[in-house]
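Below is one structure; the comments refer to it alone.
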Amino acid sequence: MEALDIPLARFALLYLLLLLPLYFLQRLKLGLGREVLMSVVRMSVQLFLVGIYLKYIFAINSLLVNILWILVIMVVANLNILKKAGLAVRKLFWPSLAGVACGTLVVLGVFLFLVVRPTPLYDARYMIPLAGMLLGNCMNGNILSLERFYSGLRKSESTFLSYLLMGATLKEAVHPFMREAIRSSLAPTIASMMTIGIVSLPGMMTGQILGGSFPLVAIKYQIMIMIGIFSSLVISMVASLYLSLPFAFDRMLMLRPEIFAGKKKG
Amino acid sequence: MISFEAVIIGMQGRILVQDVSFSIMTGEKVVLRGRSGSGKTTLLKSLVGGARITQGVIRVNGLAVLPENIQRIRQDLAYIPQEPIVSQETAAEDLLLPFTFKAHSGKEPTAAQIEAVLARLLLDPAIFRQKSSTLSGGEKQRLVIARAILLDKRIFLADEITSALDPESKDAVFSFLLESEHTVLSISHDPEWIGRCNRVFTIENGILREEK
């Protein structure tokens, strides 16, 4: 059983549906019209391009191509993380990339080698979408945790300094800031795990059901992906934060102002 | 002893402190005053490595403030900001926070030592069980000083600490800081505090001069 394809003419109707929310936004004078149109255009173009790439990547189904693809999306995600977190790419590119790679690859490895075990193990139909889903979530989590951690330290420099004067090591002095950053960044994921299935059917599961999978199979995949997302999120947050420390602090153990993007005060 | 030798501190292309040279002997009570943004806090923070020195040397007990010495220097110094830092759930946790760090683990003060310190700062021992968020500004300030005493700090850097003190706290803080053998380098606009310090410096447009 396969999902019904949507003919192009009917697919175009979807865009007409947008007229309704755009009308409301216009009436409310939110000034979001241009932004919404841009995001819809970008989303459509990006997804169509991905569809085309994936068609070829699935057809080639080569380990090397799959790894290259994952590397590329990891670099793009990493650049996005640093940009959105307001951090300097040239200072924190490598530690942040290593953190993202840790979170994504460890969980992807567990999925492919231990849980799903597709044949071949690097089957693009499994490896690519699973990596993309993990990475997308790691990206959002890491934006929050890095931004909160470093902006928290910058705002509370006196508190941080007072910990150092109380004899704390760098790791001990940053610990309260790290705890807060991770706690608040994980809150949305924990909340979504609490309510999933009650209010909404998650995207992956819906996609699988529409694609012809049995609901119980789709649920197993969904649980796997939720546990995977949570695990990769925690691993990548902790790894990115710890790995960035040697790059973010000087030899006096003070935060380097240069790690912030632009010319923000340090 | 603290000494500043031809120290220049710049930030973002602007010179905050120009060619400052002075020294403070052990036990002296020194106050810096000047307009907001004149570089007073920067000067204070430079002693603990919290502000980068562009030129010159700062020494604390003979040790230059350099990365290789900073840990040793920080052991002797206590920084007491205008807004006292109490970040834990209870006052007890705040007071004993440093003893959760590796550097002081196993060196927790005894109940008698804690009581003596609290009494010296006119703090009610019942405060120990209180939530930190319910403490008054003056109590928080005294708790931070009590923590520094328990750590056997010898030099106190005090940034506008008297601005939020009630009369009882003010008496306790003044008598401890001004009558003990500790060295105090402070920033203040409080005439009472300024009047009781040994030496008064004014900083204006980055230039420091001592008032005679």
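Every heavy atom of this structure was used, including side-chain atoms; hydrogens, water molecules and symmetry mates were not. The chains referred to below are lettered A, B, ... by the order of the sequence lines, with proteins before strands, and numbering in each begins at 1.
- Contact detail for B:A103 and A:G167: the closest heavy-atom pair is CB-O, 3.4 Å.
- Taking each heavy atom of A:S158 and B:K45 in turn, the nearest pair found is OG-NZ, 3.5 Å.
- The part of B:L66 that comes within reach of chain A is its backbone (N, CA, C, O), which places non-hydrogen atoms under 4.5 angstrom from that chain.
- In this structure, the portion of A:L161 lying under 4.5 Å from any heavy atom of chain B is its side chain and not its backbone.
- Sparse packing is recorded around CD of B:E83, with 12 or fewer heavy atoms of other residues, nucleotides or ligands lying under 6.0 Å away.
- Looking at A:S162, only its side chain comes within 4.5 Å of chain B, counting heavy atoms on both sides.
- The distance from the CG atom of A:L165 to the CZ atom of B:R147 is 10.5 Å, given to the nearest 0.5 Å.
- Between A:E172 and B:K102 the shortest heavy-atom distance is OE2-N, 2.7 Å.
- When each of A:P176, A:A173, A:A168 is scored by its heavy-atom pairs under 4.5 Å with chain B, the top score falls to A:A168.
- Other residues, nucleotides and ligands place no more than 12 heavy atoms under 6.0 Å from the CE atom of A:M194.
- Atom CD of A:E180 sits about 11.5 Å away from atom OG of B:S87, to the nearest 0.5 Å.
- Heavy atoms of other residues, nucleotides or ligands lying less than 6.0 angstrom from CD of A:E147 number more than 12.
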Step-by-step side chain to side chain contact (heavy atoms under 4.5 Å, CB included) determination, B:V48 to A:M252: CA-CA 9 Å; B:V48 288; A:M252 296 278 204; over 6 Å; no
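- At most 12 heavy atoms of other shown residues, nucleotides or ligands fall within 6.0 angstrom of atom CE in B:M25.
- The closest side-chain heavy-atom distance from A:P257 to B:R52 is below 4.5 Å.
- Taken from CZ in B:F101 to CG in A:L164, the straight-line distance is 9.0 Å, to the nearest 0.5 Å.
- Enclosure of atom CD in A:E35 is not indicated, since only 12 or fewer non-hydrogen atoms of other residues, nucleotides or ligands lie within 6.0 angstrom.
- Looking at B:Q71 and A:L253, their side chains never come closer than 4.5 Å, going by heavy atoms from C-beta outward.
- Heavy-atom distances place no part of B:V144 under 4.5 Å from chain A, backbone and side chain included.
- B:L77 touches chain A through backbone and side chain together, each having a heavy atom under 4.5 Å away.
- Options B:G50, B:A51, B:A78 differ in how many heavy-atom pairs under 4.5 Å they form with chain A, and the most are formed by B:G50.
- Of the atoms belonging to B:T41, not a single heavy atom falls under 4.5 Å from chain A.
- For the atom pair A:T159 OG1 and B:I85 CD1, the distance stands at 4.0 Å (nearest 0.5 Å).
- Distance CD/B:E68 to CZ/A:R251: 6.0 Å, rounded to 0.5 Å.
- Residue B:E108 places its CD atom among more than 12 non-hydrogen atoms of other residues, nucleotides or ligands, all under 6.0 Å distant.
- Residue-environment remark: NZ (A:K220) stays at or below the threshold of 12 foreign heavy atoms within 6.0 Å.
- Note that CG of B:L97 and CE of A:M166 are 5.0 Å apart. Values are rounded to the nearest 0.5 Å.
- Looking at A:F160, neither its backbone nor its side chain comes within 4.5 Å of chain B, counting heavy atoms on both sides.
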